[in-house]
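Data block below; observations after.
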2 protein chains.
Amino acid sequence: MNCPEHPHGHSHHAAGAGGRAALPELADQLRRKARKLTGARQAIFEILRRQLHPLSNKEIFAELPKGDCDLATVYRSLHLLEEMRMVKRFDLGDGIARYELLAEGDDGHHHHLVCTRCTAVIEIEECFPRELEQNIATRNGFTAITHKLEFFGICPRCQ
Amino acid sequence: MNCPEHPHGHSHHAAGAGGRAALPELADQLRRKARKLTGARQAIFEILRRQLHPLSNKEIFAELPKGDCDLATVYRSLHLLEEMRMVKRFDLGDGIARYELLAEGDDGHHHHLVCTRCTAVIEIEECFPRELEQNIATRNGFTAITHKLEFFGICPRCQ
DNA sequence: ACCGTGAATGCAAATCGTTTGCAATTAGCC
DNA sequence: GGCTAATTGCAAACGATTTGCATTCACGGT
């Protein structure tokens, strides 16, 4: 039905695709969970691998060789990948889920700087100070505390 | 933006909604914009005034004397209040908009600690360090930079 | 290579939060 | 009281996401 040959060898690794998981790892992780390595999943995985920003389901779907798979399958695949800790979901504040591929062992905890005009996204390494976070946790008796942090502004090009 | 620590993290709230706007101010602001002070708006406003956490449209609707107004009107009223800078919208990460009444002159910039089990919400005074934010802005050539920051964890009761 | 079986998919319909068109009401100024 | 623009209810429209179900497929065992 769908058989994602990848005729164009986009094998150039974008800067930043550095430690990202490669296909064999996907196959591996899937086998480990008794899930199947399907064409759709490979294709989606490859799209994420090539991309440097977080992608929405629709964006991924749009990049898929058309007719390759259903939008519902994209949604299902991303849920699976998320559950397998191979992608991380980001919420940029417009009710649209976006996903980024994770490097092996990466917990994916990082933040973004988003241009409110063109929606360009830059990865940010700064993080909310751990001690402050710990303060907040203990002061309020909370455990398992985490945070979401995103920055918004106007990028050089859009100014 | 500083506030004494609260042993169990209950957010500060004077009996009767600290510095929050009172009805006369609503009337005032509305008149200024040639908008009408309707029953629905008063009721919604009062509900927000009594509440200490962010409320969703549905929650507000549910607290309304039933039949008092339509859910669509709640949505419209909150948009209006937001546009008038009398409420602030918060996005806690589940695609549901929540609103908090603002004190006069308050820009509403603060953050929340949300229990992932019971969704209790506590207001947090800490903020992302301004110099770090400035760093990020200049380093990336961004202007008009802001951030969204929310904390998640498990509250004492739910542990 | 072939089978059996559970996993995965396509498709359409269903959900959920939210928005909108439109005709009927209503608040606020004269 | 009357006029008129603002507001509302209602139902339909929306966009993102999910799901039920019958069909198809991947893959470990043979």
Side-chain angles (χ1 to χ4, degrees), chain A residues 1-5 23-24 26-45 47 54-84 86-87 89-99 119, chain B residues 23-24 26-45 54-84 86-87 89-99 119:
Chain A
M1 184 172 289
N2 43 28
C3 117
E5 302 291 324
L23 240 141
L26 174 62
D28 220 50
Q29 295 267 350
L30 284 170
R31 197 168 310 112
R32 202 165 299 158
K33 283 211 153 205
R35 319 302 287 275
K36 296 171 182 173
L37 179 61
T38 67
R41 285 173 188 171
Q42 287 179 58
I44 291 168
F45 184 82
I47 287 170
L55 291 179
S56 69
N57 287 279
K58 276 231 181 112
E59 286 167 340
I60 293 170
F61 180 61
E63 295 218 21
L64 241 26
K66 86 170 174 176
D68 200 356
C69 87
D70 192 78
L71 181 55
T73 297
V74 176
Y75 277 96
R76 287 190 271 231
S77 296
L78 286 169
H79 283 319
L80 177 62
L81 289 171
E82 189 182 11
E83 182 192 311
M84 288 168 39
M86 300 198 67
V87 301
R89 191 172 83 214
F90 282 98
D91 171 17
L92 264 32
D94 54 357
I96 301 178
R98 285 156 214 272
Y99 297 87
T119 62
Chain B
L23 241 140
L26 175 63
D28 220 51
Q29 295 267 350
L30 284 170
R31 197 168 310 111
R32 204 166 294 159
K33 283 209 153 201
R35 319 303 285 277
K36 296 172 182 174
L37 178 62
T38 66
R41 285 173 188 171
Q42 288 180 56
I44 290 169
F45 185 82
L55 290 178
S56 69
N57 287 279
K58 276 233 181 111
E59 285 167 340
I60 292 170
F61 180 61
E63 294 217 22
L64 242 25
K66 86 170 176 177
D68 202 354
C69 88
D70 192 78
L71 181 55
T73 298
V74 176
Y75 276 96
R76 287 191 271 229
S77 296
L78 287 169
H79 283 320
L80 176 61
L81 289 171
E82 189 183 10
E83 183 191 310
M84 290 168 41
M86 300 199 65
V87 301
R89 190 173 83 216
F90 282 98
D91 171 17
L92 265 31
D94 54 358
I96 301 180
R98 286 156 214 270
Y99 297 87
T119 63

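In what follows, chains are A, B, ... by sequence order, proteins preceding strands, each numbered from 1. Quick caveat, the model's predicted, so the values are computed rather than measured.
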Quiz item: If you round to the nearest 0.5 Å, how far is CE of A:Met86 from CG of A:Leu30?
Solution: 7.5 Å

Quiz item: Is there a side-chain polar atom (N or O) of A:Thr38 under 4.0 Å from OP1 or OP2 of D:dA26?
Solution: no

Self-check item: Which atom of A:Pro54 lies closest to which atom of A:Glu59, heavy atoms considered
Solution: O-OE1, 4.0 Å

Exercise. Select base, sugar-phosphate, or nothing to describe what B:Asp68 touches, counting heavy atoms under 4.0 Å on all strands.
Key: sugar-phosphate

Quiz item: When rounded to the nearest 0.5 angstrom, what distance separates CG in B:Leu55 from CD1 in B:Ile96?
Solution: 12.0 Å

Could you go through nucleotides 15-19 of chain D and list every protein N or O atom that sits under 3.5 Å from one of its N or O atoms, giving the distance for each pair?
{"residue": "D:dA16", "atom": "OP2", "partner": "A:Lys58", "partner atom": "NZ", "Å": "2.1"}
{"residue": "D:dT17", "atom": "OP1", "partner": "A:Ala97", "partner atom": "N", "Å": "2.9"}
{"residue": "D:dT17", "atom": "OP2", "partner": "A:Tyr75", "partner atom": "OH", "Å": "2.6"}
{"residue": "D:dT17", "atom": "O5'", "partner": "A:Tyr75", "partner atom": "OH", "Å": "3.4"}
{"residue": "D:dT18", "atom": "OP1", "partner": "A:His79", "partner atom": "NE2", "Å": "3.2"}
{"residue": "D:dT18", "atom": "OP2", "partner": "A:His79", "partner atom": "NE2", "Å": "2.5"}

Practice problem: Provide, to the nearest angstrom, the distance between the CG atom belonging to B:Leu37 and the C1' atom belonging to D:dA6. | Solution: 13 Å

List the atom pairs, with distances to 0.1 Å, where a side-chain N or O of residues 75-84 of chain A and a protein N or O form a donor-acceptor pair under 3.5 Å, not counting sequence neighbours.
{"residue": "A:Ser77", "atom": "OG", "partner": "A:Thr73", "partner atom": "O", "Å": "2.8"}
{"residue": "A:Glu83", "atom": "OE2", "partner": "A:Lys33", "partner atom": "NZ", "Å": "3.2"}

Self-check item: Rounded distance (Å) that lies between atom P of D:dT8 and atom CG of B:Leu80
Solution: 9 Å

Practice problem: Grab the CZ-C1' distance between B:Arg41 and D:dA6 for me, whole Å please. | Solution: 8 Å

Quiz item: For B:Asp68, what residues pass the side-chain hydrogen bond (donor to acceptor under 3.5 Å, both in side chains) criterion, not counting sequence neighbours?
Solution: none

Practice problem: Rounded to the nearest 0.5 Å, what's the gap from CG on A:Leu26 to CZ on A:Arg35? Could you check? | Solution: 12.0 Å

Quiz item: How long is the line joining NZ of A:Lys33 and C1' of C:dA8, in whole Å?
Solution: 16 Å

Quiz item: When rounded to the nearest 0.5 angstrom, what is the spacing between CZ in A:Phe45 and CG in A:Leu37?
Solution: 10.0 Å

Self-check item: Between P of C:dA8 and CG of A:Leu81, the distance in whole Å
Solution: 11 Å

Quiz item: How long is the line joining CG of A:Leu26 and C1' of D:dA26, in whole Å?
Solution: 14 Å

Quiz item: For D:dC27, does OP1 or OP2 lie under 4.0 Å from any side-chain N or O of A:Arg31?
Solution: no

Quiz item: C:dT26 P sits how many Å from B:Gln42 CD, rounded?
Solution: 15 Å

Quiz prompt | For atom CZ of B:Phe61 and atom C1' of D:dT8, their distance in whole Å | solution = 13 Å

